[in-house]
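Just so you know, these numbers come straight off a predicted model, no measurement behind them.
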Amino acid sequence: MSKQKIKQVIDRQLPTAGMAGIGVKGVQLFRVTEPVACAPAVYEPTVVAIVSGTKEAILDGNRHVYDSRRYLCCPMSMPVEAGTPAASPENPLLGVLISLDTRVLSEMNLEMERAGGPLRKPAKEPYSAGLTLAQWDTDFSEALLRLVELAKEPVDAAVLGEGRLREFYYAVLKGEAGSSVRQAFGVGNEIARTIEYLSARLHEPVSIDEMAAHAGMSRAVFHRKFKQATTMSPIQFAKSMRLNQAAMKIAGGMNVSEAAWHVGYVSTSQFSREFKRMYGETPKRWSQATQLPAGVM
């Protein structure tokens, strides 16, 4: 019932393709009516909940397909390929995108740690993958409905938005995706903090030793825990982040040399070789044949 009501809100607020806010920072409704093949993207910390249609995200060759049965939770910035290959006017993709606020989630996680109980993670709980697909449960569905219903009245959104967003975050933390979110935003979140550190420095060289030092780990331990969290080695992850960011800039109209420079490549020829190795075509040919998803990545 909650999903159907969320769908009704989206139909009312967004009758045509596009994205629309609800008056609460970081929360957007979306409608996609045309198929878009998976293309490079960088997911920031976010939850994507689908109420109609299907969406895809590919991380390190692993395809994640999610719909109204499972939502996607990405607690750390991740280089992916994303698209909506099955969307159509008759079967549109409808959903909600909720950005995860690092400060708020860190505070909530600390509160939960202090409270103890069943939400406290085991001391040696392994890192979860950077993308998690989780079942909609009752708390998640009801919290999301109360959040999107704020779209009906701007005053309600202004007064109640922050509280309802915290309620939604709490439902995520308690749900199937809670383990990965608590690891990313709680005590011992060295890998998530290192990814944030790397993401802010894509334009400059960052070595494994530097990342390991930032995480406060030995090189070997850092490499192992990083791969547990992201499925990729630190070097592979950094290269994917740089190339995905560059691909998005090129698709947006930036020339190849400038895009390469923006993500830290000094040599355009090296950039083109690595780009072709990852995407199968040179940057110029790829940009001519590729259309990135409009609005929802």
Side-chain angles (χ1 to χ4, degrees), residues 1-39 41 43-57 64-74 80 82-101 131-172 175-177 181 291-297:
M1 182 63 72
S2 294
K3 293 178 189 176
Q4 185 59 33
K5 289 182 178 179
I6 293 169
K7 183 177 182 297
Q8 291 171 0
V9 172
I10 297 173
D11 284 333
R12 182 178 62 250
Q13 298 294 127
L14 200 60
T16 59
M19 300 189 75
I22 67 166
V24 179
K25 183 179 179 181
V27 182
Q28 292 183 297
L29 313 176
F30 59 82
R31 175 186 293 267
V32 181
T33 57
E34 295 183 4
V36 181
C38 288
Y43 275 175
E44 299 300 336
T46 188
V47 166
V48 184
I50 305 298
V51 293
S52 176
T54 60
K55 187 165 169 54
E56 296 184 15
H64 303 262
V65 180
Y66 54 108
D67 51 24
S68 60
R69 293 170 298 176
R70 298 186 296 175
Y71 63 90
L72 179 138
C73 179
C74 178
V80 301
T84 59
S88 68
E90 298 75 28
N91 183 34
L93 176 75
L94 305 177
V96 189
L97 184 150
I98 305 97
S99 297
L100 299 178
D101 187 299
L131 292 183
T132 299
L133 298 184
Q135 298 290 333
W136 288 60
D137 56 37
T138 301
D139 287 346
F140 178 90
S141 301
E142 292 180 352
L144 182 57
L145 174 60
R146 283 193 287 272
L147 180 60
V148 301
E149 281 183 331
L150 295 175
K152 299 176 183 178
E153 177 53 59
V155 175
D156 289 349
V159 175
L160 301 175
E162 183 176 333
R164 297 220 180 152
L165 188 58
R166 283 179 62 89
E167 180 186 10
F168 173 79
Y169 285 170
Y170 186 58
V172 173
E176 195 173 343
V181 178
Q291 178 184 4
L292 287 183
V296 181
M297 291 298 298

How about [X] and [Y]: do any of their side-chain heavy atoms sit closer than 4.5 Å?
X: Tyr169; Y: Val181; value: no
X: His64; Y: Glu56; value: no
X: Glu167; Y: Leu147; value: no
X: Val47; Y: Leu72; value: no
X: Phe30; Y: Leu94; value: no

Closest approach of [X] to [Y] (non-hydrogen atoms, all atoms of both residues):
X: Gly175; Y: Asp137; result: CA-OD2, 3.7 Å
X: Pro35; Y: Pro85; result: CB-O, 3.3 Å
X: Pro92; Y: Thr33; result: CB-CG2, 4.1 Å
X: Leu144; Y: Ala49; result: CD2-CB, 3.7 Å

When rounded to the nearest 0.5 angstrom, what is the spacing between [atom1] in [X] and [atom2] in [Y]?
X: Lys7; Y: Ser52; atom1: NZ; atom2: OG; answer: 5.5 Å
X: Ile10; Y: Ile22; atom1: CD1; atom2: CD1; answer: 10.5 Å
X: Leu97; Y: Tyr43; atom1: CG; atom2: OH; answer: 8.5 Å
X: Phe140; Y: Gln135; atom1: CZ; atom2: CD; answer: 11.0 Å
X: Lys5; Y: Glu142; atom1: NZ; atom2: CD; answer: 9.5 Å
X: Gln8; Y: Glu149; atom1: CD; atom2: CD; answer: 10.0 Å

Exam field: side chain [X] to backbone [Y], donor-acceptor pair closer than 3.5 Å:
X: Thr84; Y: Ala87; value: no
X: Thr132; Y: Ala177; value: no
X: Arg70; Y: Leu133; value: no
X: Arg31; Y: Leu14; value: yes

One pair to check against side-chain contact (heavy atoms from CB on, under 4.5 Å): Phe168 and Val96. What are the steps and the verdict? CA-CA 12 Å; Phe168 173 79; Val96 189; over 6 Å; no
With side-chain contact (heavy atoms from CB on, under 4.5 Å) as the criterion, how do Leu93 and Lys55 come out once you've worked through the C-alpha distance, each side chain's angles and the decisive distance to 0.1 Å? CA-CA 8 Å; Leu93 176 75; Lys55 187 165 169 54; 4.0 Å; yes
Salt bridge check: are Asp101 and Lys25 linked by an N-O gap of less than 4.0 Å?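 No salt bridge links Asp101 with Lys25.
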Could you check Ile98 against Leu165 for side-chain contact (heavy atoms from CB on, under 4.5 Å), going step by step and ending with a plain yes or no? CA-CA 9 Å; Ile98 305 97; Leu165 188 58; 3.7 Å; yes
Determine whether Lys152 and Asp156 satisfy the following criterion, salt bridge (charged side-chain N to carboxylate O under 4.0 Å, His left out), listing intermediate values before the conclusion. CA-CA 8 Å; Lys152 299 176 183 178; Asp156 289 349; over 6 Å; no
Would you check, one step at a time, whether the test side-chain contact (heavy atoms from CB on, under 4.5 Å) holds for Cys73 with Thr46? CA-CA 6 Å; Cys73 179; Thr46 188; over 6 Å; no
Is the number of heavy atoms from other residues, nucleotides or ligands within 6.0 Å of CD (Glu162) greater than 12?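 Not more than 12 within 6.0 Å, no.
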Heavy atoms of other groups near Arg69 CZ, more than 12 under 6.0 Å: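 Atom CZ in Arg69 is not crowded, with 12 or fewer foreign heavy atoms closer than 6.0 Å.
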Can you say whether the rings of Trp136 and Tyr71 are parallel (under 30°), tilted (30 to 60°) or perpendicular (over 60°)? perpendicular
